[in-house]
Amino acid sequence: MLFFPHDGPASEAKKRRVAIIGTYTPRKCGIATFTNDLSEQLRIHRPNVETQIYALDDAGENLDYDRVERVVQFDDVEAYRDAANAINDSGVDAVWLQHEYGIFGGENGQMVCDFVDRLAAPVILTCHTVLSEPTDKQKAILEHLVARSSRIMVMSLHSRDLLASVYGAPHDRISVIEHGAPDRPFGRQKQFKETHGLDGRDVMMTFGLIGPGKGLERVIEALPAIAEACPNVLYRIVGATHPKLVARQGESYREGLKARIEELGMSRHVEWDNRFLETDELLDQLEACDVYLTSYGNLQQSTSGTLSYAVALGKAVVSTPYTHATELLANDVGVLIEPNSSDAIAAAVIDLFDDREKLRKLQERAYAKGRETIWPQFARKSANLIEAVCEERPRTARLNVATMRTPDFSGVRGISDATGILQHSIGPIPDRRHGYCLDDNARALMLMNVAEDLAGPTRREHSQRYGSFIQHAWNEELGRFRNFISFDRTWCEDEGSEDSNGRTLWALAQTAEINPQPDIRNWAAELYCRVLPRFDDLGSPRAIAFSMLGACAFLRRDPDHGASLEVLRQGVALLRSILAKSRRPDWTWFEAVLGYDNPRLPQALIEAASTLGDEEALSDGLHTLRWIEQQQTSAKGYFRPIGSESFGREHDYVPFDQQPLEASASIDAHRAAYRITGDEARLNGALKAWNWFFGANDRGVVLADVGLGICRDGITPRGLNENCGAESILAFQLAHYSVLEMLKQQRAKAAGEQFEVINR
């Protein structure tokens, strides 16, 4: 069934599938716990969201993962590529990336950049660390991730502001979602103290991976003063030593702390639990404490999961003013103390244990604050964030000749002037700084050849305008067309690219074949025949393809034109030769790289085969067209044009930036195949590319406006490129006439009529 898209309402509680990338349990780190919590709480509170875990792994830890889609070796480039391909093939609605410099491979975790470049689905980025003074490398990495992300999640207002001011993240793409926390009853210290053999003790607690920077030394130094004022105090240090520290130094750091405790005579006031606890056991131990301590020296610490847990459980928190603590403990939710001060720690703890009513009220305020971050709230906000990037695909209606509206010509007129058609725009406004180019004026002339709905005088006027540009571009001395000219009509070069010259040959031949004005057809034929002999040395495969398409068009005007026949025969031989040299089992293509206008290569073989009666050329053309169609189809069946970021990558490509030119070329190639074979799969392939303009794409965005006759410049990882340059407008308008012609042929075929197809 063939469809034409238009907007429609979103359905409630639509099923969403999300790939989550990060460290994951049983790995012992805070991000692993967060990744697990995110997936688990969405499963419990938002069952419409299905998560797939891609766990970053360090092979040296020998971990056994459960319920993961794939384990990704953190320092293996190919593992990242395979994971990205698997995610794209799965057709998930979004990818949620957990970022911390230390969890990805390469210098400062730079392997994440190539990984995220390969993701087609919208990316949600959680920044677990946002540095105010990053190194150049760290800044470049996070800026890259920001540029690729549709939405960014941070857990503090400070991180939000840093992202905007230091890394250039747009405020409207940043969401602040505080770290989630469990929902448990308030005030059960006595019950859990009895369970853990702590009855009668005033319990302080610190939890986390043990290592320098946690401020444990300062708490230990404060213990003599605290114990003197509160003889029943017990400081519980819960957590394993950081694995990287163990790998470098063994347990020497922990042993040094124990020695200092012994030296201070505080052994009976300290209890160690040298384990990384699972969440439920951690919560039980938190419930058994009165005061929770986080004495970090690093005041840029933007997130602490255990701090969120402690507040939500109604613990009195004493903390240094690092970012997360400053925000979470504001308004007397906790006690903030100066950093690196044992005296400040001692004074704050003693004050609380001396005034039990004050301690109780502080715990009550913490518990009340925690209701804002408990898991149901966290899951709701997280699901809303997912929904924000999962754009609703437009609903569809049947597409046929009668319902297909012609794009208004004002889109072309608005970016044209007396010289020709301008190259670029800023939004909808033509940008004169970049002047004009031959490529666009050749395309514009081709549009005039097929724009049958355009009034005769307007069509003639613009044919003359774009034809005049081409005429003026010819450099007789060099035997080439110039390409770029500035707004003041000064040529920027003496010779344009081979591709621009090949496209101009095609435009001239097509004009000579089908322009409705006899005198314009004759002008084009004369110039084509005059310049064609100067192009016997083209080497670019696309330039050759363009010249072959031109030769096919001219031979429909003059079947005995020897020079065009020679261009066609040589072009077929050359394209088939480079295809034979380049193809391999997984790469049925003419080159080791994919560039722009890719389908023009099979289109040239298909049209040449029709003109010459060459069955081998037809076979190669159809085969390569099917192959490029497969590469340009997403797991959800949407057209995904090879983007500009793929240019130059050997036997490899990435999803963005997607451009209208590729959709138009795909439609034309399918049209050429449909004209010869009548295969409905070619019609469906063309309509898939046509629907890309209207929202059937990786971002669900509409590029084209039929009423205005304009088209945006493409799709980036973050959505639309809002500019409306000449190439994009012309690609859309030319695509319309190709699709219309295919639908007319389909209608004639269904009626059993002969349908004479003019090659457009």
Side-chain angles (χ1 to χ4, degrees), residues 34 127-128 130 132 153-165 171 174-189 204-208 215 218-219 283 286-287 289-341 343-382 384:
F34 179 86
C127 294
H128 289 268
V130 184
S132 60
M153 172 195 168
V154 291
M155 299 182 218
S156 70
L157 297 173
H158 181 71
S159 293
R160 178 199 64 186
D161 295 340
L162 279 179
L163 273 177
S165 62
H171 268 287
I174 307 173
S175 297
V176 179
I177 301 177
E178 293 180 282
H179 196 294
D183 184 13
R184 286 192 170 193
F186 176 72
R188 301 192 294 177
Q189 288 97 320
M204 305 187 307
M205 178 178 168
T206 296
F207 171 80
R218 305 288 80 78
V219 182
L283 297 176
L286 278 170
E287 289 219 54
C289 83
D290 302 289
V291 175
Y292 187 76
L293 288 163
T294 56
S295 50
Y296 301 155
N298 175 17
L299 300 187
Q300 293 192 54
Q301 177 89 15
S302 58
T303 306
S304 169
T306 53
L307 175 65
S308 297
Y309 288 6
V311 168
L313 292 178
K315 301 295 113 180
V317 177
V318 175
S319 176
T320 52
Y322 59 91
T323 299
H324 190 195
T326 299
E327 294 185 17
L328 187 59
L329 303 181
N331 301 316
D332 293 326
V333 169
V335 179
L336 294 174
I337 57 171
E338 62 182 288
N340 300 312
S341 172
D343 290 343
I345 294 171
V349 172
I350 292 169
D351 182 54
L352 290 174
F353 283 136
D354 275 353
D355 188 340
R356 299 293 166 157
E357 182 63 19
K358 184 175 184 177
L359 175 64
R360 174 78 178 182
K361 288 182 177 179
L362 183 61
Q363 291 169 337
E364 288 175 349
R365 288 195 297 273
Y367 189 78
K369 173 65 176 178
R371 299 317 89 202
E372 300 174 12
T373 63
I374 56 176
W375 290 129
Q377 297 293 346
F378 176 82
R380 176 182 60 82
K381 294 173 184 177
S382 298
N384 288 343

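All values below were derived from every heavy atom in this structure, side-chain atoms included, with hydrogens, water molecules and symmetry-related copies excluded.
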All heavy atoms of Ile174 vs all of Ala164, minimum pair found to be CD1-N, 4.4 Å

Approximate separation, where rounding is to 0.5 Å, of Glu327 CD and Leu157 CG: 4.5 Å

Going from CD on Glu178 to CG on Leu328, what distance comes out if it is rounded to the nearest 0.5 angstrom? 6.0 Å

Backbone N or O of Gly370 within a donor-acceptor pair of the Thr373 side chain at under 3.5 Å? yes

Judged by modelled atom types alone, do Gln377 and Arg380 share a side-chain donor-acceptor pair under 3.5 Å? yes

Given Phe207, which partner from the list Leu293, Leu286, Thr306, Thr294 fulfils the side-chain contact (heavy atoms from CB on, under 4.5 Å) test? Thr306

If I compare all heavy atoms of Leu313 with all of Phe186, which pair ends up nearest, and what's the gap? O-CD1, 4.4 Å

Could you walk me through whether Ser304 and Tyr309 pass the side chain to side chain donor-acceptor pair (under 3.5 Å) test, one step at a time? CA-CA 9 Å; Ser304 169; Tyr309 288 6; over 6 Å; no

Looking only at atom types and distance, does a side-chain atom of Lys369 sit under 3.5 Å from a main-chain N or O of Ala312, one as donor and one as acceptor? no

Rounded to the nearest 0.5 Å, how far does CG of Asn340 lie from CD1 of Ile345? 8.5 Å

Do you know which two heavy atoms are closest between Ser295 and Thr320, and how far apart they sit? C-OG1, 3.5 Å

Which atom pair, heavy atoms only, marks the closest approach of Val333 to Leu362? O-CD1, 3.3 Å

Does Lys358 pair with Asp351 as a salt bridge, N-O distance under 4.0 Å? yes

Check whether Arg365 reaches the backbone of Gly334 with its side chain - one donor and one acceptor, N or O, closer than 3.5 Å. no

Determine the minimum heavy-atom distance between Gln363 and Ala316, stating which atoms define it. CG-N, 3.6 Å

Any luck finding a side-chain donor-acceptor pair between Ser156 and Ser159 under 3.5 Å? yes

Exercise: identify the closest heavy-atom pair between Val349 and Met204: CG1-SD, 3.5 Å

To the nearest 0.5 angstrom, please state how far the CE atom of Met155 sits from the CZ atom of Phe378. 6.5 Å

Let me see the working for Thr323 and Tyr296 under side-chain contact (heavy atoms from CB on, under 4.5 Å), right down to the final yes or no. CA-CA 11 Å; Thr323 299; Tyr296 301 155; over 6 Å; no

Salt bridge check, Arg371 against Asp183: does any charged N sit closer than 4.0 Å to a carboxylate O? yes

Which value, rounded to the nearest 0.5 Å, describes the distance between Met205 atom CE and Glu287 atom CD? 11.0 Å

Taking atom NE2 of His179 and atom NE2 of His128, what is their separation to the nearest 0.5 Å? 7.5 Å

